[in-house]
Visitor: 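I have a structure I would like to understand better, so I am pasting it below and will then ask my questions one at a time.
FYI, the numbering just counts along the sequence from 1. Computation of the quantities below employed the complete heavy-atom set of this structure, encompassing side-chain atoms and omitting hydrogens, waters and symmetry-equivalent molecules.
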Amino acid sequence: MQLLDHVSITVPGLDAARPFYDAVMRALGADKVYDRPDALGYGERCRPGSGQHSYLSVFAAGAAVDAAAGARRHWCFKAPSRAAVDAFHAAGLAHGGRDEGAPGLREHYHPHYYAAFLLDPAGNRIEAVCHDPG
């Protein structure tokens, strides 16, 4: 089972992080898919009906993103179905989690991106996603 869909982290500066992540991701065979002033991306994003990929986003910390740093550190888990996304969300709420986004389509990612977001009892942001059509 591939458990992780994607992970996002924040670093104090991309200039220091870039050579490190370029090297370790290259050693793992992960392609760099973007290099922007505010973020680096490695791996491959899942597409509609194709959920076998995973990726890492490395965001630059700074005044503009410090307020949303929690949103920049999150773990997204692969779900085998939309029903599993719904169950993930319900189970989390029933066991001390807080809602960060009810189950539903996030079409700004792709037409079949069905996800839910939670904060665990410690405040970590977690997500479950299914990339398959209904």
Side-chain angles (χ1 to χ4, degrees):
M1 172 185 195
Q2 275 191 339
L3 186 59
L4 289 174
D5 186 82
H6 63 273
V7 174
S8 300
I9 61 173
T10 306
V11 297
L14 287 181
D15 288 340
R18 184 177 287 106
F20 173 82
Y21 280 101
D22 284 355
V24 299
M25 291 294 112
R26 187 171 32 255
L28 295 174
D31 292 334
K32 183 186 251 183
V33 293
Y34 58 85
D35 189 336
R36 305 185 317 236
D38 65 331
L40 307 170
Y42 303 90
E44 187 174 349
R45 290 182 185 244
C46 294
R47 295 176 305 281
S50 175
Q52 72 272 18
H53 305 292
S54 63
Y55 70 96
L56 168 69
S57 294
V58 181
F59 291 96
V65 296
D66 283 343
R72 295 291 192 190
R73 290 186 311 266
H74 85 274
W75 294 261
C76 178
F77 304 103
K78 293 179 183 288
S81 66
R82 291 181 180 191
V85 171
D86 296 344
F88 159 89
H89 191 258
L93 293 178
H95 290 89
R98 291 176 287 159
D99 178 47
E100 269 287 290
L105 287 171
R106 273 48 178 202
E107 293 179 341
H108 55 283
Y109 294 123
H110 68 63
H112 304 303
Y113 196 106
Y114 189 88
F117 298 84
L118 293 165
L119 292 179
D120 74 7
N124 294 300
R125 189 168 193 256
I126 62 172
E127 172 187 0
V129 64
C130 178
H131 298 281
D132 297 332

Visitor: Check for me, please, whether Val129 and Trp75 land in the same ILVMFWY cluster - side-chain distances under 4.5 Å, paths through other members count.
Guide: no
Visitor: Which residue pairs pass the ring-ring contact (aromatic ring centres under 6.0 Å, His included) test when at least one of the two sits in residues 4-32, sequence neighbours left out?
Guide: His6-Tyr55, His6-His74
Visitor: So which pairs with a foot in residues 99-110 pass salt bridge (Lys or Arg N to Asp or Glu O under 4.0 Å), sequence neighbours left out?
Guide: Glu100-Arg125
Visitor: On a heavy-atom basis, which atom in Ile9 and which in Leu56 lie closest, and how many Å separate them?
Guide: CG1-CD1, 4.3 Å
Visitor: When you look at Lys32 and Met25, which way does the side-chain contact (heavy atoms from CB on, under 4.5 Å) test go after all the steps?
Guide: CA-CA 8 Å; Lys32 183 186 251 183; Met25 291 294 112; over 6 Å; no
Visitor: Other members of the hydrophobic cluster containing Leu105, with the 4.5 Å side-chain heavy-atom rule, please.
Guide: Val85, Tyr114
Visitor: Could you state the interatomic distance from CZ (Phe117) to CD1 (Ile126), rounded to the nearest 0.5 Å?
Guide: 11.0 Å
Visitor: Got a sec, which residues hit side chain to side chain donor-acceptor pair (under 3.5 Å) with Tyr113, two or more places apart in sequence or on another chain?
Guide: Glu127
Visitor: Can you name the nearest heavy-atom pair linking Ala30 to Gly43, along with the distance?
Guide: CB-N, 4.2 Å
Visitor: Please step through side-chain contact (heavy atoms from CB on, under 4.5 Å) for the pair His112 and Asp132, ending with a clear verdict.
Guide: CA-CA 6 Å; His112 304 303; Asp132 297 332; over 6 Å; no
Visitor: Please name the pair of heavy atoms, one in Ala60 and one in Thr10, separated by the smallest distance, quoted to 0.1 Å.
Guide: C-CG2, 4.2 Å
Visitor: According to a hydrophobic-cluster definition based on side-chain heavy atoms being under 4.5 Å apart (Ile, Leu, Val, Met, Phe, Trp, Tyr only), do Leu40 and Val11 belong together?
Guide: yes
Visitor: Do Tyr34 and Tyr109 sit in the same hydrophobic cluster, where Ile, Leu, Val, Met, Phe, Trp and Tyr count as joined when their side-chain heavy atoms come under 4.5 Å apart?
Guide: no
Visitor: Tell me, please, which residues at least two apart from Val33 pass side-chain contact (heavy atoms from CB on, under 4.5 Å).
Guide: none
Visitor: List the atom of Arg82, the atom of Cys130, and the distance in Å for their closest heavy-atom pair.
Guide: N-SG, 3.8 Å
Visitor: Which salt bridge (Lys or Arg N to Asp or Glu O under 4.0 Å) pairs, counting each pair once, include a residue from residues 7-19, with sequence neighbours left out?
Guide: Asp15-Arg18, Arg18-Asp35
Visitor: Compare all side-chain heavy atoms of Asp5 with those of Phe77 and state whether any distance is below 4.5 angstrom.
Guide: no
Visitor: If you take all heavy atoms of Pro37 and Leu14, which pair is closest and at what distance?
Guide: O-CD1, 3.5 Å
